[in-house]
2 protein chains.
Amino acid sequence: MLGTDFFMELSNRGIQPSIQRAKILEFLWKERIHPTADDIFDHLHHEIPTLSRTTVYNTVKLFTEHNILQPLVIEDKEIRYDIDTSLHGHFKCESCGNIFDFKADNEGSAGIRELEGFQIRERHIYFKGLCSSCSNLK
Amino acid sequence: MLGTDFFMELSNRGIQPSIQRAKILEFLWKERIHPTADDIFDHLHHEIPTLSRTTVYNTVKLFTEHNILQPLVIEDKEIRYDIDTSLHGHFKCESCGNIFDFKADNEGSAGIRELEGFQIRERHIYFKGLCSSCSNLK
DNA sequence: GTAATTATTTGTAATGATTACACATTTGTA
DNA sequence: TACAAATGTGTAATCATTACAAATAATTAC
C-alpha cells in the first residue's frame, strides 16, 4: 500500500471506495497512533466538514470485518483501532496515554494445558505503565 | 481465607468491614466467575434487598485499590473482576460468554527490546474464541 | 442518457454501563 | 446517650457507542 491510492487499495480489498473511507484509511495508514473513532473524526472533520461521527463508526466496523483493522480494548470506554492486524503486544503509558507496539513472542495456543480443545480466534496482550520518556520526567 | 469469616478477612486487609462488603467478597471468593459489577448486584440483591448498585461499584473500586481484585477489560462496556490478582491469562468464549483462566508463561518484561526503559505496572493477556464445550456443539 | 434501484452518508435520538452527588443510615467513640 | 465519621442508597448525569430514518450519491437497467 504505497503512494496515496487508498481508493485503489479499498477496491483491492473488496470494499466499495468512497472519499470518507479512503481518508479514514489514509489517516490510519499514515499516523500509526491507534486512534479511537473519535480521534479519527476530530482529525478528519476539518478536511471533510460534512463528515459524520456515524460514518467513522460505520467505517471502522466495516474495516474490522474485512480484517484491515484490529480493535484494541485496553481501557473501558475507548476502543482503539490498529491497522497492524498481526499479533503483537501493546503498551499503554498511563501518563502520556500513547500506545506502543512490541513484539510478542507468541507462545501460541500450544502448551497451554487449560485451553486444550479450545478454538482460539483472537490473542491480545497489553501492558500498562510508564513509557521511557515519562519515566525520565520523574 | 478459609471458612466464612469474610468480616475478619476484610479487617485483616485493612478494610472496614460491613455486611455489604463481606457479602460481595464472599461471592467473589466462592463463585470464581469473573463477574461484572452488575452480575454481583443481580446475585446479591435477593439476599440484601436494600443493596444498591452504587455500593457494588464503590466496593469493587475499594477492593481494587487494596489489590484484592483485578479488573479485567476484555470487551468494551463491561469490566469484570477477578479475585485472583496473580498474573495469568483469560480466555473468553464468544459463544457461552464464560471466562476461563490459564497459566500464562510470563516472559516478563525482560527480552522485549521495544520496552527498554519502560516501567511495566500491569500485564494483561486474553484470548477469545470457543471453549471446548461450545466447540463440540458445532 | 434517464429512471429505478441500491449503497453510503448524515444527524438525531436511544442505549447502557459507570460515575457524581446529595441525602440517609450505620458505626465507632467519648 | 450523643456526636462525628464512615458507609450505603437512589437519582441524575456522563459519554462512547449504536439504532434508525431521512438525505445523498453511486450503480444498474432500459
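Letters A, B, ... mirror the listed sequences (proteins, then strands); counts begin at 1. Model, not experiment: these values are computed from the prediction.
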A/K103 side chain near B/I112 side chain, heavy-atom distance below 4.5 Å: no

Side-chain donor-acceptor contacts of residues 124-132 of chain B below 3.5 Å, not counting sequence neighbours, with atom names and distances?
unit_1 : atom_1 : unit_2 : atom_2 : d
B/H124 : NE2    : B/E122 : OE1    : 2.7
B/Y126 : OH     : A/V73  : O      : 3.4
B/K128 : NZ     : B/E75  : OE1    : 3.3

Which residues within residues 67-74 of chain B lie with some heavy atom under 4.0 Å of an atom in DNA chain D? none

So that I can tick it off, tell me whether A/R32 and A/D84 are bridged by a salt bridge, with the cut-off set at under 4.0 angstrom between side-chain N and carboxylate O. no

Could you pull out all residues at least two apart from A/I48 that satisfy side-chain contact (heavy atoms from CB on, under 4.5 Å)? A/I19, A/K23, A/T50, A/L51

Hey, can you pull the residues of residues 33-60 of chain A with a non-hydrogen atom under 4.0 angstrom from DNA chain D? A/T54, A/Y57

Over how many whole Å does the gap from A/E78 atom CD to C/dT18 atom P extend? 15 Å

If you measure from CD1 on A/I15 to CZ on A/F6, what distance do you get to the nearest 0.5 Å? 13.5 Å

Could you note down all residue pairs passing ring pair (Phe, Tyr, Trp, His ring centres under 6.0 Å) where residues 64-92 of chain B supplies at least one of them, sequence neighbours left out? A/F118-B/F91, B/H34-B/H90, B/H88-B/H90

At under 4.0 Å between heavy atoms, which parts of nucleotides 22-30 of chain C does protein reach? Answer with one letter per nucleotide, 5' to 3': B base, S sugar-phosphate only, - none. ------S--

For B/N58, side-chain contact (heavy atoms from CB on, under 4.5 Å) partners two or more places apart: B/T54

Going 5' to 3' on DNA chain D, which nucleotide is the first and which the last to come under 4.0 Å of a heavy atom in chain A? D/dA16 to D/dT27

For A/R80, enumerate each residue passing the side chain to side chain donor-acceptor pair (under 3.5 Å) test, keeping only those at least two apart in sequence or located in another chain. A/E78

Do A/I99 and A/I33 come close enough that some side-chain heavy atom pair is under 4.5 Å? no

Name all residues meeting the side chain to side chain donor-acceptor pair (under 3.5 Å) criterion together with A/Q16; count only those two or more places apart in sequence or in a different chain, and write none if there are none. none

Could you list the residues that satisfy side-chain contact (heavy atoms from CB on, under 4.5 Å) with B/D76, not counting sequence neighbours? A/I79

Could you pull out all residues at least two apart from A/E114 that satisfy side chain to side chain donor-acceptor pair (under 3.5 Å)? none

